[in-house]
Amino acid sequence: MELPDKAACYRALESRDPRFDGLVFVAIKSTGIYCRTVCPARTAKYENCTFYGSAAAAQEAGYRPCLRCRPETAPELASWRGTSNTVSRALALISDGALDGDGKSVDALAERLGIGERQLRRLFLQHLGASPIAVAQTRRVLFAKHLIHETRMTMTEVALAAGYNSLRRFNEVFQNLFHRPPGAIRRKSTTRPSADAGITLRVRYRPPYDWESMLSFLEKRVIPGVELIERDKNNQNGCYRRTVELDGAVGTVAVKNLPQHNSVSVTIHFPVVHALPAIVARVRRLFDLGADIETIDEHLSNDPRLAPWVALRPGLRAPGGWDGFELAVRAILGQQVSVSAARELAGQLVALHGRRLPKNPGTYPGLTHVFPTAKHLAKAKSIGLGMPAARMKALQALSRAASHDPNLFRPFGTLEEAIALLRNIPGIGEWTAEYIALRAIREMDAFPASDVGLLRGASKLDGAPATPKTLLRRAESWRPWRAYAAQHLWAAHATDISNQNVSQTGGEHA
Ligand SMILES: [Zn+2]
């Protein structure tokens with residue numbers, strides 16, 4: 001999207017309009033500071049304000065982040081830029097570390113997206129007002145600031161976690177930007193959490209957020225031993241917990257909703273601090289925290305039949321996948337069987353092949369294993385599940401493909417190209433590829449039209465039987481957010497099932 005005109009931005013600033021939070025940042029000439037539109041400070045004069053479409057653009061123009069409204073806590077919108085899917089994909093790759101560390105380049109990033117480096121820069125400038133490198137650097141320093149504010153990590157740990165090679169380099173960057181050393185912005189606190197408490201961060205989203213629908217979707221699909229959902233006695237305040245494996249290190253993460261703050265609280269126990277950004281990126285992806293949900297809901301409401309469903313579940317998100325390989329395995333296990341049968345198979349796979357979680361801080365009753373890696377399954381002589389041979393072969397082919405290409409489940413080219421790449425793997429058909437694209441690669445226009453749950457939801461929507469072909473035609477007007485329409489169809493279908501108290505039988509894919 002292009003930035004709204006200055007008068008509209010200024011009105012948003014004057015009214016502290018939360019709908020602009022994360023989409024527009026205001027830089028104040030007289031103070032050299034940039035703010036969120038919801039900053040509680042007195043509104044600056046019109047002539048002193050310049051508006052930017054990203055924090056990176058304001059920083060590139062020489063402004064420092066406000067210490068009061070903390071631009072690093074603005075909802076980060078990855079998937080709203082529907083006008084440029086390439087920019088969305090690039091942002092997803094950058095948050096996965098595509099520009100962090102040695103040997104990473106904008107060239108390689110552009111190549112993965114199927115465009116030239118100059119074209120990528122141009123798109124970034126047009127949509128974000130900043131270069132890809134500036135976006136990556138801004139993310140790093142803002143993430144560090146977030147950690148300084150919200151945790152008691154040492155500055156060395158913060159520097160490492162935010163991807164700086166040395167404390168000295170981190171101090172330099174910080175001093176340049178804030179005109180003070182990192183330690184100076186930390187609030188004094190007398191309480192020191194115990195070493196076992198882990199690291200807790202808040203990650204903001206744009207309201208509304210239909211947390212209950214998100215949790216019940218995940219709950220039906222939890223992998224025994226790897227994930228669990230807890231609620232209090234009144235069946236409220238649900239919390240999602242799971243085990244985490246990254247580059248051989250293991251830990252846990254817990255996520256709960258803080259609706260009064262339009263945030264989720266994320267508690268991480270993990271032995272390697274520089275994995276923190278990757279873990280937070282996964283939480284953002286799984287819980288779809290980057291959605292510009294109002295725009296999406298508005299767009300889907302243009303369909304007169306879908307509108308009442310959107311009104312029934314405002315803020316319904318499209319759940320992502322924690323890990324591409326895990327999600328793809330689950331998709332294969334789910335071919336031709338019910339959701340609960342797929343869940344059971346996944347639990348057996350974990351018990352047979354997953355690594356046991358060692359006892360350490362963050363261990364939680366019920367979380368016993370990490371999900372098996374692609375390498376492990378590719379080498380396993382036998383997978384040992386009661387499944388048709390064809391599906392077993394598909395599982396092995398998938399494991400081999402994923403262990404050869406660690407980026408298999410990251411954005412690649414266009415949606416069609418990503419689907420084609422996945423379909424090269426024996427045993428991955430149209431439905432599975434679309435499902436993986438939707439949940440793991442986060443292609444928000446992916447749409448597994450042959451899904452039985454979707455077809456049933458669509459039949460209910462139109463009061464007439466749907467086929468994959470009619471549904472695809474029907475879905476044209478839902479672009480570029482067909483994934484969210486799919487979520488509404490699934491949700492409506494799931495409610496039907498629980499209302500009638502009928503157990504799910506074969507053919508339920510997602
Ligand atoms: Zn401010």
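Counting starts at 1 for both ligands and their atoms, following the listed order.
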Among Arg202, Arg204, His146, find the residue that satisfies the side chain to side chain donor-acceptor pair (under 3.5 Å) test when tested with Thr73. Arg204
Check: Trp211 ring centroid to Phe287 ring centroid under 6.0 Å: yes
Only distances under 3.5 Å count here; give the side-chain donor-acceptor pairs of residues 106-125 to other protein atoms, sequence neighbours excluded, each with its distance to 0.1 Å.
{"from": "Arg112", "atom 1": "NE", "to": "Pro411", "atom 2": "O", "distance (Å)": "2.8"}
{"from": "Arg112", "atom 1": "NH2", "to": "Asn407", "atom 2": "O", "distance (Å)": "2.7"}
{"from": "Arg112", "atom 1": "NH2", "to": "Arg410", "atom 2": "O", "distance (Å)": "3.1"}
{"from": "Arg112", "atom 1": "NH2", "to": "Pro411", "atom 2": "O", "distance (Å)": "3.4"}
{"from": "Glu117", "atom 1": "OE2", "to": "Arg121", "atom 2": "NE", "distance (Å)": "3.0"}
{"from": "Glu117", "atom 1": "OE2", "to": "Arg121", "atom 2": "NH2", "distance (Å)": "2.5"}

In terms of ring plane angle, is the pair Tyr10 and Phe51 parallel, tilted or perpendicular, where the classes change at 30° and 60°? perpendicular
Tell me the salt bridge (charged side-chain N to carboxylate O under 4.0 Å, His left out) pairs involving residues 266-276, sequence neighbours left out? none
Check: residues 254-263 side-chain donor-acceptor pairs under 3.5 Å, at least two apart:
{"from": "Asn257", "atom 1": "OD1", "to": "Tyr205", "atom 2": "OH", "distance (Å)": "2.8"}
{"from": "Ser263", "atom 1": "OG", "to": "His261", "atom 2": "O", "distance (Å)": "2.8"}

Count, excluding waters, the protein N, O or S atoms that are closer to the Zn ion (ligand 1) than 2.8 Å. 4
